[in-house]
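Worksheet: the structure to be examined is printed underneath.
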Amino acid sequence: TPPIQPFSISFGADNATLEPQGQVLTRRMSDLEGLFADGDAWARAVADGDPVVYTVVSSPVPEVPRELPQSITTIYPGETGGEFWMTKGHQHPDPQGEIYLGLDGHGGLLLFDGERAEWLEMRPGTIGYIPPSWAHRSINVGDEPYRFLAVYPGSAGHDYGWVVAHGMGLRARRASAPRTGNGDTTH
Ligand code: PAN
Ligand code: ZN
């Protein structure tokens with residue numbers, strides 16, 4: 001792939017689109033199998049319309065070594081089994097840092113290194129830093145869409161299986177929701 005030439009990107013009026021724009025990924029409830037603690041509630045949500053949980057709009061910069069791709073994730077507000085809607089979460093197989101910038105709404109950036117979980121509150125204007133080797137998941141803890149920009153090395157890669165196998169150390173639930181197990185964080 002030839003290197004990308006210098007260019008700039010504009011946000012759309014709602015911050016959810018880019019111009020120019022690359023691929024758009026849509027994650028529905030059915031794409032999140034095994035991630036919510038309450039599997040029955042997850043199955044009911046899939047049967048009941050299989051809602052879109054989040055979208056990821058990418059810049060036209062390809063995920064190849066030395067390039068620096070960007071994307072905007074929009075997580076819609078919702079809860080399944082009392083757990084806030086969230087991204088799948090992943091680890092970068094080639095461990096490298098990543099930067100998030102909060103754009104709209106109220107979210108959390110959950111980081112897990114296999115032993116320790118960290119929670120960063122994300123608001124518009126918050127820069128969240130993901131150090132190399134920390135798995136990361138984003139969660140909408142508000143009532144509006146939560147939106148953020150991510151910037152990451154094009155060679156980092158994405159490993160989703162690690163999170164399925166190890167979890168993320170914490171789960172995010174509304175304070176009034178029923179609790180199961182230990183290690184929950186509430187909002
Ligand atoms: C982000 C994430 C995006 C969607 O761009 O890929 O928020 O989350 P999942 O990839 O976990 O479904 C990022 O961290 N890129 O590296
Ligand atoms: Zn990442």
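Everything quoted here is computed from the prediction, not taken from an experiment.
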Report task. Calculate, to the nearest 0.5 Å, the distance between atoms CG and OG belonging to Leu18 and Ser59 respectively. Result -> 7.0 Å

Query raised in the report: Taking C-beta and beyond as the side chain, do Arg27 and Thr55 meet within less than 4.5 Å on heavy atoms?
Result: no

Query raised in the report: Can any side-chain N or O of Glu98 pair as donor or acceptor with the backbone N or O of Pro153 at less than 3.5 Å?
Result: no

Requested in this report: Please tell me if the side chains of Phe7 and Pro60 come closer than 4.5 Å, counting only heavy atoms from C-beta onward.
Outcome: yes

Requested in this report: Give the minimum heavy-atom separation between Pro132 and Gly97, together with the two atoms involved.
Outcome: CG-N, 3.7 Å

Query raised in the report: Is the backbone of Lys88 close enough, under 3.5 Å, to the side chain of Tyr54 for a donor and an acceptor to pair up by distance?
Result: yes

Requested in this report: Taking the side chain as every heavy atom from C-beta outward, state whether Pro124 and Leu103 have any atom pair closer than 4.5 Å.
Outcome: no

Report summary line: In short, Ala45 meets Pro51 closest at the heavy-atom pair O-CD, 3.4 Å

**Report entry** Check: Asp50 main-chain N/O paired with Arg28 side-chain donor or acceptor under 3.5 Å
**Finding:** yes

Query raised in the report: Yes or no on side-chain contact (heavy atoms from CB on, under 4.5 Å) for His166 and Val163, after CA distance, side-chain angles and deciding distance?
Result: CA-CA 5 Å; His166 298 91; Val163 169; over 6 Å; no

Report task. Look up atom CD1 in Ile139 and atom CZ in Arg171, then write down how far apart they are to the nearest 0.5 Å. Result -> 9.5 Å

Query - Working for side chain to side chain donor-acceptor pair (under 3.5 Å), residues Ser58 and Gln70 - result: CA-CA 6 Å; Ser58 295; Gln70 315 104 55; over 6 Å; no

Query - Verdict with supporting geometry, Tyr152 and Glu63, side chain to side chain donor-acceptor pair (under 3.5 Å) - result: CA-CA 9 Å; Tyr152 54 98; Glu63 293 193 2; 2.7 Å; yes

Query - Minimum-distance pair of heavy atoms, taken over all atoms of His92 and Gly157 - result: ND1-O, 2.7 Å

Requested in this report: Give the C-alpha distance, both sets of side-chain angles, the deciding distance and a yes or no for side-chain contact (heavy atoms from CB on, under 4.5 Å) between Ile72 and Phe11.
Outcome: CA-CA 10 Å; Ile72 291 179; Phe11 290 129; 3.2 Å; yes

Query raised in the report: Would Trp42 and Met29 satisfy side-chain contact (heavy atoms from CB on, under 4.5 Å), going step by step from the backbone distance to the final call?
Result: CA-CA 7 Å; Trp42 170 81; Met29 190 58 77; 3.6 Å; yes

Query raised in the report: Of all residues at least two apart in sequence or in a different chain, which pass the salt bridge (charged side-chain N to carboxylate O under 4.0 Å, His left out) check with Glu33?
Result: none

Requested in this report: List in chain and number order the residues that pass salt bridge (charged side-chain N to carboxylate O under 4.0 Å, His left out) with Asp143, two or more places apart in sequence or in another chain; answer none if no residue qualifies.
Outcome: Arg174

Query - Pair Phe84 + His106: ring centers closer than 6.0 Å - result: no

Requested in this report: Consider only side-chain N and O atoms of Gln91 and Tyr160, and report whether a donor and an acceptor are under 3.5 Å apart.
Outcome: no

**Report entry** Residues in side chain to side chain contact (heavy atoms under 4.5 Å, CB included) contact with Leu109, at least two apart in sequence or another chain
**Finding:** Tyr100, Leu111, Leu120, Met122, Ile130, His136, Ser138

Query - Side chains of Val24 and Val56 in contact at under 4.5 Å (non-hydrogen atoms) - result: no

Query raised in the report: If you take all heavy atoms of Pro69 and Pro62, which pair is closest and at what distance?
Result: CG-O, 3.6 Å

**Report entry** Rounded distance (nearest 0.5 Å) linking atom CD of Glu144 with atom CD1 of Ile75
**Finding:** 14.0 Å

Query raised in the report: What distance do Arg116 atom CZ and Trp134 atom CH2 have between them, rounded to the nearest 0.5 Å?
Result: 4.0 Å

Query raised in the report: Should Ile9 and Pro20 count as side-chain neighbours, where that means a heavy-atom distance under 4.5 Å?
Result: yes

Requested in this report: Rounded to the nearest 0.5 Å, what's the gap from CZ on Phe112 to CH2 on Trp119? Could you check?
Outcome: 14.5 Å

Report task. Over all heavy atoms of both residues, which pair between Pro77 and Gly142 is shortest? Give the atoms and the distance, please. Result -> CB-O, 3.7 Å

Query - CG on Asp14 to OG1 on Thr74, rounded to 0.5 Å - result: 7.5 Å

Report task. May I ask you to check whether Arg137 and Thr87 show a side-chain donor-acceptor distance below 3.5 Å? Result -> no

Report task. Evaluate the side-chain contact (heavy atoms from CB on, under 4.5 Å) criterion for residues Asn140 and Tyr76: first the C-alpha distance (whole Å), next the side-chain angles of each, then the deciding distance (0.1 Å), finally the verdict. Result -> CA-CA 7 Å; Asn140 187 346; Tyr76 294 97; 5.7 Å; no

Query raised in the report: Between Glu67 (side chain) and Ile4 (backbone), is there a donor-acceptor pair under 3.5 Å?
Result: yes

